[in-house]
Protein chains: 2
Amino acid sequence: MAKKTKNNVVFRIWFFVDDEKLLGKGRVELLERIEKGGSIASAAKEMKMSYRQAWQMVSEMNQRARKKLVVKQLGGKSGGGATVTEEGKEAIKCFRELENKTRMFLEKEYKKLKF
Amino acid sequence: MAKKTKNNVVFRIWFFVDDEKLLGKGRVELLERIEKGGSIASAAKEMKMSYRQAWQMVSEMNQRARKKLVVKQLGGKSGGGATVTEEGKEAIKCFRELENKTRMFLEKEYKKLKF
DNA sequence: TAACGATATGTATTATAAAACATATTGAAA
DNA sequence: TTTCAATATGTTTTATAATACATATCGTTA
């Protein structure tokens with residue numbers, strides 16, 4: 001019997017601002033986890049990435065977006081934390097929506113091809 | 001005057017076979033240049049990549065595709081060369097077509113978003 | 001049959017990105 | 001006013017990918 005092969009198409013999208021990356025899959029996941037856990041540190045731990053990298057990603061996003069996507073708080077009993085702004089939530093929503101639409105589009109179109 | 005920012009969406013697609021990458025933008029460009037120049041060596045030089053890497057890419061593609069995308073010839077007055085097969089040309093066509101369709105789709109959809 | 005230029009492939013070096021480590025700072029709450 | 005956990009940031013180390021280098025092989029053609 002011939003070996004069965006699984007053929008499929010994979011994609012990634014990124015939002016850019018002035019030729020610099022604003023958002024991609026990883027950063028959106030980071031935002032989602034910050035929203036859920038209330039801090040960059042917890043989000044980074046969940047994603048098994050270094051806190052430093054996560055912090056830098058947030059910093060870059062905030063610089064490049066029209067408005068900050070995450071606001072941070074220093075000090076306090078719990079040491080502080082981070083919150084996703086309305087703008088940030090909007091960014092997550094836009095990204096995920098476009099991602100889903102693209103997924104459906106590509107699945108449909110890919111079926112028409114032989115590869 | 002407020003600073004004008006250029007916002008846009010960027011994407012990449014890949015063809016996969018059994019969870020392994022078969023084709024992406026770079027490999028397709030490599031195939032196109034092999035087709036035009038008649039050898040892996042010339043294509044690699046044009047793309048400023050090492051011959052070794054180009055050769056390995058071709059090797060992987062040939063292993064993973066149903067049929068070889070490139071056939072190679074050793075020896076001869078010109079030392080040999082490489083040719084893109086009909087299957088390879090088909091792969092290029094499929095990839096570029098899907099890429100273009102996706103580009104149009106994303107441009108249209110992205111305009112509807114605020115990011 | 002000698003020469004040529006491309007394929008084929010192993011090894012070593014370099015460049016880059018990621019992670020790890022270390023430490024200072026913050027400020028609300030106990 | 002001491003404590004705490006998270007932010008903030010510099011430095012070092014590690015891991016990985018890319019490149020560079022070296023060399024053998026091939027077979028047609030002159």
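Naming convention: chains lettered A, B, ... in sequence-line order (proteins, then strands); numbering from 1 in each chain. In this text, all values refer to a predicted model and were calculated from it rather than measured experimentally.
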- [ ] Please answer: with hydrophobic residues joined when any side-chain heavy atoms are less than 4.5 Å apart, are B/V17 and B/I92 in the same cluster?
- [x] yes
- [ ] Taking only Lys NZ, Arg NE, NH1 and NH2, and the carboxylate oxygens of Asp or Glu, determine whether B/R64 and B/D18 approach each other closer than 4.0 Å.
- [x] no
- [ ] Grab the CD-P distance between B/Q56 and C/dT11 for me, whole Å please.
- [x] 13 Å
Task: Pair B/K114 + A/E87, salt bridge at N-O below 4.0 Å - done: yes
TODO: Could you state the atom-to-atom distance from CD of B/E60 to P of C/dT9 in whole Å?
DONE: 13 Å
Task: Phosphate contact (C/dA8 OP1 or OP2) by B/W55 side-chain N/O below 4.0 Å - done: yes
Task: Selection from C/dT7, C/dG10, C/dT26 that lies nearest to any side-chain heavy atom of A/L74 - done: C/dT26
- [ ] For residues B/K45 and B/R33, determine if any side-chain heavy atom of one lies less than 4.5 Å from a side-chain heavy atom of the other.
- [x] no
Task: Atom-pair distance (CD on B/Q53; P on C/dT11), nearest Å - done: 19 Å
Task: Value in whole Å for how far the P atom of C/dA24 lies from OH of A/Y51 - done: 16 Å
TODO: Test B/E20 against B/E60 for side chain to side chain contact (heavy atoms under 4.5 Å, CB included), laying out the working first.
DONE: CA-CA 10 Å; B/E20 291 192 310; B/E60 276 190 19; over 6 Å; no
Task: Nearest-nucleotide 5' precedence on DNA chain C, A/K77 against A/R52 - done: A/R52
Task: B/F115 ring center near A/F95 ring center (under 6.0 Å) - done: no
TODO: Please find the earliest and latest nucleotides of DNA chain D, in the 5' to 3' direction, that have an atom within less than 4.0 Å of any heavy atom of chain A.
DONE: D/dC4 to D/dT11
Task: 5' priority, DNA chain D, between B/Q73 and A/Q73 [closest heavy atom] - done: A/Q73
Task: Nearest-angstrom distance from the residue atom NZ of A/K72 to P of C/dG27 - done: 14 Å
Open item on the list: Using a 4.0 Å heavy-atom cut-off, does B/G80 contact any base of the nucleic acid, only the sugar-phosphate backbone, or nothing at all?
Closed with: sugar-phosphate
